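What follows is a set of notes on a single structure, which appears directly below.
Not measured: the values here are computed from a predicted model.
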Amino acid sequence: MSYDLAIIGSGPGGYVCAVRAAQLGLKVAVVEKDGTLGGTCLNVGCIPSKALLHASEMFQKAGHDFATFGIKVGTPELDLPAMMAHKSSVVESNTSGVEYLFKKNKIDWIKGHGTVAGPGKVAVTGADGESQTVEAKAIVIATGSESTPLPGVTVDEKRVVSSTGALALDSVPKRLIVVGAGVIGLELGSVWRRLGSEVTVVEYLDRVLPGLDGEVAKQSQRIFTKQGIAFKLARKVTSVDDSGDTLKVTIEPAAGGDSETLESDIVLVSIGRRPFTEGLGLEEAGVTMDERGRVAIDDHFQTNVPGIYALGDVVRGPMLAHKAEDEGVAVAEIVAGQAGHVNYGVIPNVVYTHPEIASVGKTEEELKDTGVEYRAGKFPFSANARARAMLEKDGFVKVLADAKTDKVLGVHIIGPFAGELIAEAAVLMEFAGAAEDLARTCHAHPTLSEAVKEAALAAWFKPIHI
């Protein structure tokens, strides 16, 4: 079997690369070992977690907010099997949708484990042990990432779980300890807290959501604490004893000191993700890896071996599905002889807690560290008419603009539908827009997006409604 392009991995980066390449007239094959397409994101990551986040948020609102809106429903009753069935239905709809895109674009799905077998060759071993060789003018490594293990702690996906196990619990744990206060830990911790768990988050650093704007992180921790999530920051987990009916989790200060033991029914290990490169034959093929175990690429996504490309979580940059998708489009265009490009300065990041958290561009800390003079404009959702009507008054929008040119350098939002609102900022920044441009753009009233406009007004001159 001979192709123009063979892609190992069918996650967001791999399948989008395949579709774009096929649209450009290339003959494409995708090698995928799992029984469904879509990779971690569609099967055990982004999509199922958002289904549970939304469902648990509706459950929370029914129990706490409906009465204020004049809706009497009584005390809501949780039907966890039905909620999980909804999650599974959403996953099936999305994965079958990718399979439809493959058929529509005449992309061959070659089922099995792919290994680079040399220049222009991918060896594929099927579930039955049978092997075949796929030949291609170009090969793309798009195998994504896996949960980073916690040294000394064994994940069994029953009582000590990764994100995969946390998405498939068959009952609500009375107590849940989350190891790691990053995006995954806070999202899944939020799900189970809303459904009734006592949630404690243990984080090695002295803050939550490392990498995000510091002011946003502090505000988010205050809000999550009000929601009932307990935090133990600057702590590390040294062991998990699973010999008894309950798990005994030993933690101690990150800087050293006396330890303490916490009891829990479930422990979620969510300390990050690492590139999945095992068993791909990269070392044998001579592909260079970087100091963090990622596939080393040049500015055109090509490895040191001609004809072999890589993208997504296995290469440098944020581990985000939409970043991988943009890279997939760029790689397909490059292989097809065009000029594919990704603007890494405008990659939005979203945390799907409640309220949502979203950002794009530079944080205040990054601007200070590099000595950039800037103006910061803020506007709280408590002063936004639509947010008040929705009982969504927590949070704010912050716009950071260059003090000399007024060019917007970063936008940070914590509040309702932040993940949707951030798109406006990304479009503005893609075209090198200024705070004044955003401030002078007419926004519909009453909308949440007016908070973005008001923050831009604050960064450029003065806000109107505060």
#### Entry: Carboxylate-amine/guanidinium proximity below 4.0 Å for R386 and E450
no
Quick check against the 3.5 Å criterion: does [X] have a side-chain atom that pairs as donor or acceptor with the backbone of [Y]?
X	Y	result
E187	Y352	yes
T238	T250	yes
R159	D245	yes
T115	G281	no
E157	S162	yes
T303	V287	no
E327	G13	no
R273	M319	no

Residues 80-105 vs side chain to side chain donor-acceptor pair (under 3.5 Å), sequence neighbours excluded, gives none
The single option from R222, K398, R207 that satisfies salt bridge (charged side-chain N to carboxylate O under 4.0 Å, His left out) with E215 is K398
Result for salt bridge (charged side-chain N to carboxylate O under 4.0 Å, His left out) between D265 and one of K248, K158, R175 points to R175
The reported gap from CD1 in I110 to CD1 in I8 (rounded to nearest 0.5 angstrom) is 10.5 Å
With a 4.5 Å limit on heavy-atom distance, are the side chains of [X] and [Y] in contact?
X	Y	answer
L400	H412	yes
S163	V44	no
H354	E392	yes
V201	F224	no

